[in-house]
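Here is the structure we will look at, set down as structure tokens.
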Amino acid sequence: MLIPHPALLRKLVEEYEALLAEEAETGNGRSSPRAQDLAYTLCVTTGTRDVRRALETAHRLLAAESMTPPPPAERRTHGRVTPSTA
């Protein structure tokens, strides 16, 4: 499975959840076209078919990403990439 870039996934989740909260306050009971688009994109991005599962998967992936240490820094030397010794 392809893993989405954390920044993209975080943006989708934050926007979708903010939109849901806003729609809950207005109380009309209908999802906006933007909420439907975000739900679809979250499902495609996480490889799921249900937005609840998509959100669960997204939160799990983001939590795992925050626990992963960053890769070692690299530097370029004469056109070649070499590991940093800093």
Side-chain angles (χ1 to χ4, degrees):
M1 177 176 106
L2 294 175
I3 299 177
H5 192 280
L8 170 69
L9 193 56
R10 187 173 296 106
K11 180 180 182 294
L12 289 170
V13 169
E14 288 173 356
E15 187 175 350
Y16 182 75
E17 290 178 341
L19 194 53
L20 282 185
E22 183 180 311
E23 289 179 356
E25 287 180 14
T26 61
N28 68 3
R30 297 178 54 177
S31 293
S32 68
R34 181 63 182 151
Q36 293 171 5
D37 288 347
L38 287 166
Y40 174 80
T41 305
L42 278 165
C43 287
V44 170
T45 304
T46 58
T48 61
R49 293 183 178 211
D50 176 77
V51 71
R52 290 181 299 264
R53 295 267 336 256
L55 286 170
E56 291 169 3
T57 302
H59 284 291
R60 189 172 57 252
L61 288 170
L62 290 170
E65 177 64 29
S66 68
M67 294 173 47
T68 304
E74 296 180 339
R75 58 188 168 98
R76 293 207 172 260
T77 307
H78 303 289
R80 291 182 286 160
V81 175
T82 58
S84 176
T85 57

S32 and L19: which non-hydrogen atoms are nearest, and at how many Å?
OG-CD2, 3.7 Å

Suppose we screen for side-chain hydrogen bond (donor to acceptor under 3.5 Å, both in side chains). Which residues come up paired with R34, at least two apart in sequence or across chains?
E15

Once you round to the nearest 0.5 Å, how far does CG of L62 lie from CG of L55?
10.5 Å

Tell me which pairs pass side chain to side chain donor-acceptor pair (under 3.5 Å) where either residue lies in residues 3-12, with sequence neighbours left out.
none

Quick one: do V13 and V44 end up in the same hydrophobic cluster if we chain Ile, Leu, Val, Met, Phe, Trp and Tyr together by side-chain heavy atoms under 4.5 Å apart?
no

What is the minimum heavy-atom distance between E23 and S31, and which atoms define it?
OE1-CA, 3.6 Å

Nearest 0.5 Å, what's the CD-CG distance between E14 and L9?
10.0 Å

Rounded to the nearest 0.5 Å, how far apart are CG of L42 and OG1 of T57?
10.0 Å

